[in-house]
Amino acid sequence: MLNVLVVDDSLAIRIKMKGFLKKLGHDIVREAKEGKEAIQLYKEYAPDLITMDISMPGMNGVDALKEIMEISNREANVIMITANGQDGIVKDALKLGAKGYILKPISKEKLQDSIGQIFPEYFCSDNVLLDDNDLDDIFV
Amino acid sequence: MELGNISSKRLTLKLIIYIFTFSVFFTLLQSGIDLKQEYDNKIKEINNSVKIIEDNYLLKLSLTFWSMDNTALQLELNSLIKLPGVAYLEVLEEEKSYITIGERLTHDFKEKYLNLNYNHMNSVVNMGKLYIQLSYTKVEEDIIADIISIIIKEFIKYFALTLILLFVVHQLIMRHLIHMAEFVRGFQVRNLNDPLILDKKLNKKKLDVIDDVSMAINQMRNKLLVFINQKEEVQKELKELNQTLEQKVKKRTTDLTLKTNRITDLLNNAAQGFLSFEKDFLVDDEYSVECENLLGKDLKGKDITNLLFDGKSDKIDFFKETMIDALNEENTLTSSLILSLLPSELIINKRAVSIDYKILSNNKFMMILTNITDKKKLQIKIKREQLILKMIVSIVSDSVQFYETKQNFEEFCQDSLLYINSKNTSAVNANTIHALFHTFKGLFAQLYMRDTVKRLHDFESKITDFIESKKDNNDLKNLIDSFDLINSMNEDLKIVAQTLGEKFLTEHNHIKIDEALINKLENKIVLFCSLDNKQNEECKEILNDIKKIKNKSLQYYLSIYPKLCQQLCLSLNKSIYPFEISGERGFFVPDNFKPFINSLIHVFRNSCDHGIETKECRLALQKDEIGTIHCDFKKTKDTLTIVISDDGKGLDMTSLKSKIVRNSLVSQEKLNKLSTSEIQNYIFDSNFSTNENITHISGRGVGLASVKTELDKLNGIVEVKSEVNKGTSFIFMLPMKNN
């Protein structure tokens, strides 16, 4: 189970995201509406994973990502939430150290894939921690 | 040999030049010093002559002069002229020449006057002067002669010395050196056995440098001999090794070629294009055959980005940047994520191609191209089939609606030009036709007749353009004529005919009865009834049945809308609870109500499109994720009330007001005086829409206006009740008495 910080200015997306994360068996630490708040919450709670919207009022997602990466020495796991046509920005974010990105509209499957890329133990749909042998079976 | 001679001559010449230069320099220096000394002495001697005359002879000369003994004077002067440097002597008596000796010089001389005094009784008597001319010419001549003799002597001396030296040098060094040079030059691996022997006696106890050098050369030769022998042995070994190695390589190469061929065959037959390129984005030599099929012939050295994007610079720039970024990224996850930003499917040369990107270990990029055109075509075909099926199902399950809509539209097509009333302005006429198009579009959309809807949508757009262009009624007529309205349904009908058979279109399930005939029948029954009171009850029954044939129940007409709303909401990514029309089942409406009931589609569309929010929105507002739409009707004594309500976002009064002012429907002042319901009524005004985006479902602003038009025809009124975020209700009230 991962502790997740959800950063998005839209309440609807936050609710949706929380729903998906809950269904995937994760725990939502906190949610933030913009970058500054996200940085503050990251410092306080050091979550395992952050989902970060790119365009937000106030501090945007990329700037927040930059700062969080500095604080965490590039250790933080951040998934960027993007809309179509933001490829250039996504690329910058990945270069800054984001560990994944999800193209809107978000879905449980996309979220699961993205989390699975960072935490291979959550690759399986039913969240059961797999041992290495099981993983081998999947990848063969 | 030649070179040896020339080089030895060159050395000799150098030697002579050195010896000569130095000897001449030093000889000149030494002789110069000697000559200077000699010259100085001679000058001193000459100058001394005057002093000797002055000291030793002057007194005697004065005495002789005093005694006027000319012979003695002559003799004395003769002896004086023999003194070194004295060239001419003259005795002057009061500036007059008294006696001279020697020749008077005109140039190159030094002169001196000496007073001839005589001491006579303690007084000095000046008798005259002795004039002396001194000449240095002789001294200079002597010196020059000396110089010449010195030069000749020294030259002879040094020339001889040089010759001797040369001989010695040649004998001792030069000829040996030349010999050595020749030996070394003729040095060959083949004749290493002949030693260097010099033309001189070799005294082992008194070895000189030349012997040393020659011995060193011989030592070198010996070492070389040993080395070459060793080398030959090693070479022999190497040759053997090489032969075995060559055989091995040959075998391996054959194996490898076989393997490579097999892999190439595999790649070429994989129906996938494999190609690689470096940072310069030029395609490498090796690529599989499928690449040529997809990207064209002779790809080697071509820019891959141009092949993929056909010169679209913005896409190319992003592609290149992203590729390079992915290459430079050390983290493999980030690198693969960056690669995932690249297009995974592209249309290249009218073919759909899926592309996989890989970064190879040698900093090369690899692309795997797969032709997915057929797959895509199939997908599109399936989608099209699905849509057709949807249309067929909705037409069959709602065939009544289909026949009616079709018939109505056909009638409209025939009479379309009649809607152009010459009394009205072209804009009013166009608006009327526009509203009709809109209604038909909505009706066809319910039946999923996509092609027809698309055509009607185009016509609508053209009429909108016409309204803006402000042309007259004749132009409108021409425009409508140009539409070829009657054929707009053809594409869809063709599909229906293909699927369901021609019969479906031609033979309705209903028997068509002329309306006039029914009216005649009705009148007859009424007449009968009035004649015979006993039969009254039966008559009423028959009249009711006829009414059923003539009219259909309101419930029946409205029952299409719940299904429509469900479909609409689905396409808008919203959801609503299923609902039914509630109201009296057996309530029949007259024929003239039909246009109004058909126009109600716009109210339902409005609720779905503008009323009900998206799921996210509803969640955010803490409302039920699924929306609700209601429709019920009630018949009181002389009024029919139809209520259509939703629990959506309600009317936004602020944007409503600003929109009213912006579209100059009413001035700001007037607006402030209006009541809420009056303002809300403006949504029924033509050219009004609160939603900024025009969608295919609603938003042109004519929908609600056409409802109002139909309502007015029936003298009905409408009331809007709306509360923000709670919902909107449309309450239509129609008088039944006159109808």
Side-chain angles (χ1 to χ4, degrees), chain A residues 6 8-20 22 31 33 49 52-54 65 69 73-108 110 113-120 122-123, chain B residues 305 308-309 312-346 355-357 359 365 569-575 612-627 648-649 693 725:
Chain A
V6 177
D8 203 304
D9 59 321
S10 148
L11 175 69
I13 302 252
R14 288 206 301 275
I15 291 168
K16 217 170 180 178
M17 188 66 92
K18 281 196 311 197
F20 292 152
K22 232 171 239 172
E31 43 190 286
K33 290 189 196 66
L49 178 73
M52 176 86 73
D53 190 23
I54 283 189
L65 170 77
M69 282 299 154
N73 199 19
R74 282 177 83 94
E75 293 289 312
N77 297 311
V78 183
I79 294 175
M80 305 305 286
I81 311 296
T82 92
N84 249 332
Q86 289 182 321
D87 288 357
I89 304 172
V90 174
K91 203 173 69 190
D92 291 342
L94 290 173
K95 282 201 276 182
L96 282 171
K99 301 271 164 65
Y101 67 95
I102 296 176
L103 202 64
K104 282 181 197 170
I106 55 170
S107 72
K108 200 179 103 190
K110 286 184 194 172
D113 279 353
S114 214
I115 293 175
Q117 276 182 328
I118 307 172
F119 304 98
Y122 290 102
F123 197 80
Chain B
T305 56
L308 293 180
F309 300 108
K312 282 169 198 146
S313 61
D314 52 332
K315 286 187 177 173
I316 289 175
D317 289 346
F318 180 76
F319 183 83
K320 285 186 174 177
E321 273 173 33
T322 311
M323 278 291 208
I324 300 285
D325 283 345
L327 182 69
N328 293 338
E329 184 57 53
E330 284 164 18
N331 187 323
T332 44
L333 172 64
T334 310
S335 177
S336 68
L337 283 170
I338 290 176
L339 281 182
S340 74
L341 292 170
L342 294 168
S344 59
E345 279 180 20
L346 279 177
I355 308 175
D356 270 338
Y357 305 88
I359 290 176
F365 300 107
C569 286
L570 208 65
S571 72
L572 290 163
N573 198 21
K574 300 170 179 181
S575 58
I612 302 291
E613 310 92 329
T614 56
K615 286 182 208 168
E616 291 88 19
C617 244
R618 291 183 69 88
L619 277 173
L621 292 166
Q622 292 176 331
K623 288 160 94 166
D624 189 344
E625 195 178 353
I626 299 163
K649 60 184 166 205
N693 302 321
N725 289 334

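Naming: A, B, ... by sequence-line order, numbering from 1 per chain.
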With a 4.5 Å heavy-atom cut-off (strictly below), which parts of residues 312-323 of chain B touch chain A? List them by number. B:F318, B:E321, B:T322

Which pair of non-hydrogen atoms, one from B:D325 and one from A:K91, has the smallest distance, and what is that distance? OD2-CE, 3.0 Å

Nearest 0.5 Å, what's the CD1-CD distance between A:I13 and B:E616? 6.5 Å

Please find the pair of heavy atoms, one from A:R74 and one from B:E329, that lie closest to each other, and give the distance. NH2-OE2, 4.5 Å

Under 4.5 Å from a heavy atom of chain B, the part of A:K16 involved: side chain

How long is the span from the NZ atom in A:K95 to the CG atom in B:N331, to the nearest 0.5 Å? 14.0 Å

Closest heavy-atom contact between B:C617 and A:A12? N-CB, 4.2 Å

Under a 4.5 Å cutoff for heavy-atom pairs, which residue among A:I118, A:D87, A:L11, A:L103 has the most contacts with chain B? A:D87

Heavy-atom distances under 4.5 Å only: say whether A:L94 touches chain B with side chain, backbone, both or neither. both

Tell me if the NZ atom of A:K104 is crowded by more than 12 foreign heavy atoms within 6.0 Å. yes

Checking heavy-atom separations under 4.5 Å from chain A, one finds in residues 336-343 of chain B B:L337, B:I338, B:S340, B:L341

